[in-house]
Undergrad: 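First the structure, which I've put down as structure tokens, then a few questions once you've had a look.
Letters go in sequence order (proteins before strands), and every chain restarts at 1. Please read these numbers as outputs of a predicted model, since none were measured by experiment.
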2 protein chains.
Amino acid sequence: MADINIGGLPDGPAQSTTASKPQSHEPIWDLIELLFFAYRDFVSDPDDVLAKFGFGRAHHRVMHFVNRHPGIKVADLLDVLKITKQSLGRVLKQLVDEGYVTQKEGENDRRQRLLYVTPKGEQLAMKLAGLQTERIARALGELGPGAHEAARRFLVAMIDADGRDSVQRLIARADRARRPRT
Amino acid sequence: MADINIGGLPDGPAQSTTASKPQSHEPIWDLIELLFFAYRDFVSDPDDVLAKFGFGRAHHRVMHFVNRHPGIKVADLLDVLKITKQSLGRVLKQLVDEGYVTQKEGENDRRQRLLYVTPKGEQLAMKLAGLQTERIARALGELGPGAHEAARRFLVAMIDADGRDSVQRLIARADRARRPRT
DNA sequence: CGAAATATGTCAACATGGCTGACATAAATA
DNA sequence: TATTTATGTCAGCCATGTTGACATATTTCG
């Protein structure tokens with residue numbers, strides 16, 4: 001343990017022991033700031049790689065979700081990213097033009113453009129996911145065995161109540177889609 | 001087993017039980033995606049308020065750190081935010097011009113511009129922190145009593161190893177600065 | 001003291017990635 | 001057939017990041 005423990009205090013400033021009361025007491029400074037720092041570093045690893053490809057974070061997000069959810073509809077991707085179709089269109093066009101993503105007509109509904117990564121696209125997506133996994137694995141490795149589950153539960157609880165179900169379904173569905181063996 | 005997963009199953013797809021092995025096996029999809037979703041929603045609450053003031057996320061970050069670390073030097077703020085002085089200068093100027101932040105000459109070193117929030121600035125900063133605290137408190141409230149500590153440890157571990165110490169010192173220092181009573 | 005380093009500010013130009021609004025096309029559906 | 005839906009696209013704007021060059025005070029060092 002030693003000096004891990006941000007403030008040096010074993011139980012936070014006032015919230016830890018009163019976590020059940022949601023009144024607007026003192027801000028939960030430590031988690032507010034830690035979320036900022038953790039996320040800042042979390043996205044920084046891929047950024048360096050992406051720069052070499054002439055891509056940015058927007059491309060990363062698209063690549064990630066297309067790779068992870070093969071055959072995703074444009075509309076669903078928009079919903080996940082919560083951006084406009086114009087913003088998506090810009091980066092998606094580049095990814096398609098440069099051969100990282102392909103589009104396929106929907107079988108039932110031929111208006112739909114289902115999105116898939118190409119082998120080249122998958123390679124990049126997996127590379128980026130690998131970087132982020134390294135960081136997460138290192139972090140989890142420093143903590144106890146329950147850390148993965150604890151982190152997952154915390155992050156899920158942080159998501160908007162209404163979007164939470166669809167996010168969980170999305171992730172669950174992807175697990176089935178990407179790993180048919182088991 | 002059902003297909004809602006995330007918060008449900010005690011041992012995930014493959015990572016939960018092998019969390020201690022840091023080899024680059026299968027990406028840790030769930031945490032990668034959950035970090036994205038959680039952070040996306042985490043910053044969305046303040047965004048709405050900021051929009052009414054004509055401010056954006058960049059202003060929020062500056063307001064936050066100046067409020068939380070009164071008298072912070074410009075150089076230190078740059079270091080924390082990891083942006084260029086030109087980017088900072090733009091938003092900082094607006095915040096100063098509109099009376100949310102003030103600058104004071106350093107006592108020892110008169111080249112320094114130490115940054116403070118005005119009462120008006122503090123009000124806004126606390127409002128924003130309150131929104132984020134609501135979300136965090138709600139999340140922690142849904143989880144067990146150890147959740148705050150677990151989240152803190154996970155987030156700290158996610159930070160770059162080299163920056164981690166300075167972040168922890170920063171947070172610890174701020175706790176002392178902002179709450180001299182105790 | 002004078003030179004060099006430091007802390008900050010500023011101008012100009014550019015890139016990325018959000019946004020709105022308007023409009024076009026093809027396919028599904030009522 | 002008329003309408004709705006899924007998608008694409010053009011045009012322009014805004015926020016916020018970048019680099020590079022340069023200016024000004026002030027401190028520090030030789």
Undergrad: So what does A:Asn108 touch, heavy atoms closer than 4.0 Å: a base, only the sugar-phosphate, or nothing?
TA: sugar-phosphate
Undergrad: Mind checking A:Gln103 for me? I need base, sugar-phosphate or nothing, with any heavy atom below 4.0 Å counting as a touch.
TA: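 The residue A:Gln103 makes sugar-phosphate contact but no base contact.
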Undergrad: Check the distance between C:dA7's P and B:Leu78's CG and give it to me in whole angstrom.
TA: 11 Å
Undergrad: Taking atom NZ as the centre, does B:Lys120 end up with more than 12 heavy-atom neighbours from other residues, nucleotides or ligands that are less than 6.0 angstrom away?
TA: yes
Undergrad: CD of B:Gln112 versus P of C:dT6: gap in Å, rounded?
TA: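 After rounding, the reported distance stands at 14 Å.
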Undergrad: Begin with the C-alpha distance, continue with both residues' side-chain angles, and end with the deciding distance and a verdict on salt bridge (Lys or Arg N to Asp or Glu O under 4.0 Å) for B:Arg113 and B:Glu105.
TA: CA-CA 5 Å; B:Arg113 299 299 144 89; B:Glu105 247 181 17; 5.1 Å; no
Undergrad: How long is the line joining NZ of A:Lys82 and C1' of C:dC19, in whole Å?
TA: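 Answer to the nearest Å: 17 Å.
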Undergrad: Between A:Tyr100 and A:Phe55, does the ring centroid distance fall short of 6.0 Å?
TA: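 They qualify: ring centres under 6.0 Å apart.
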Undergrad: Need to verify one output field. Residue with the more 5' nearest nucleotide on DNA chain D, A:Gln86 or A:Arg113?
TA: A:Arg113
Undergrad: Do any side-chain nitrogens or oxygens of A:Arg111 fall under 4.0 Å of OP1 or OP2 in C:dA26?
TA: no
Undergrad: Can you tell me if A:Gln103 has over 12 outside heavy atoms packed within less than 6.0 Å of its CD?
TA: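 Yes, the 6.0 Å shell around CD holds more than 12 heavy atoms from other groups.
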Undergrad: With a 4.0 angstrom cut-off to heavy atoms of chain A, pull out the first and last contacting nucleotide of DNA chain D, in 5'-to-3' order.
TA: D:dT5 to D:dC10
Undergrad: Sort me out a list of protein N/O and nucleotides 13-16 of chain C N/O pairs below 3.5 Å, or just none if empty.
TA:
none

Undergrad: Is it the case that more than 12 heavy atoms not belonging to A:Gln123 sit under 6.0 Å from its CD atom?
TA: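 For A:Gln123, atom CD is not crowded (no more than 12 foreign heavy atoms under 6.0 Å).
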Undergrad: Are the aromatic rings of B:Phe65 and A:Phe37 close, with centres under 6.0 Å apart?
TA: yes
Undergrad: What heavy-atom pair brings A:Gly56 and A:Leu50 nearest, and what distance separates the two atoms?
TA: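 In this case the closest contact between A:Gly56 and A:Leu50 is O-CD1, 3.7 Å.
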Undergrad: Within the 3.5 Å criterion, strictly below it, is a donor on A:His69 or A:Asp76 matched to an acceptor on the partner's side chain?
TA: no
Undergrad: Are A:Glu33 and B:Arg173 within salt-bridge range, i.e. N to O under 4.0 Å?
TA: no
Undergrad: Can you check the A:Lys85 NZ to C:dT25 P distance for me, whole Å?
TA: 14 Å
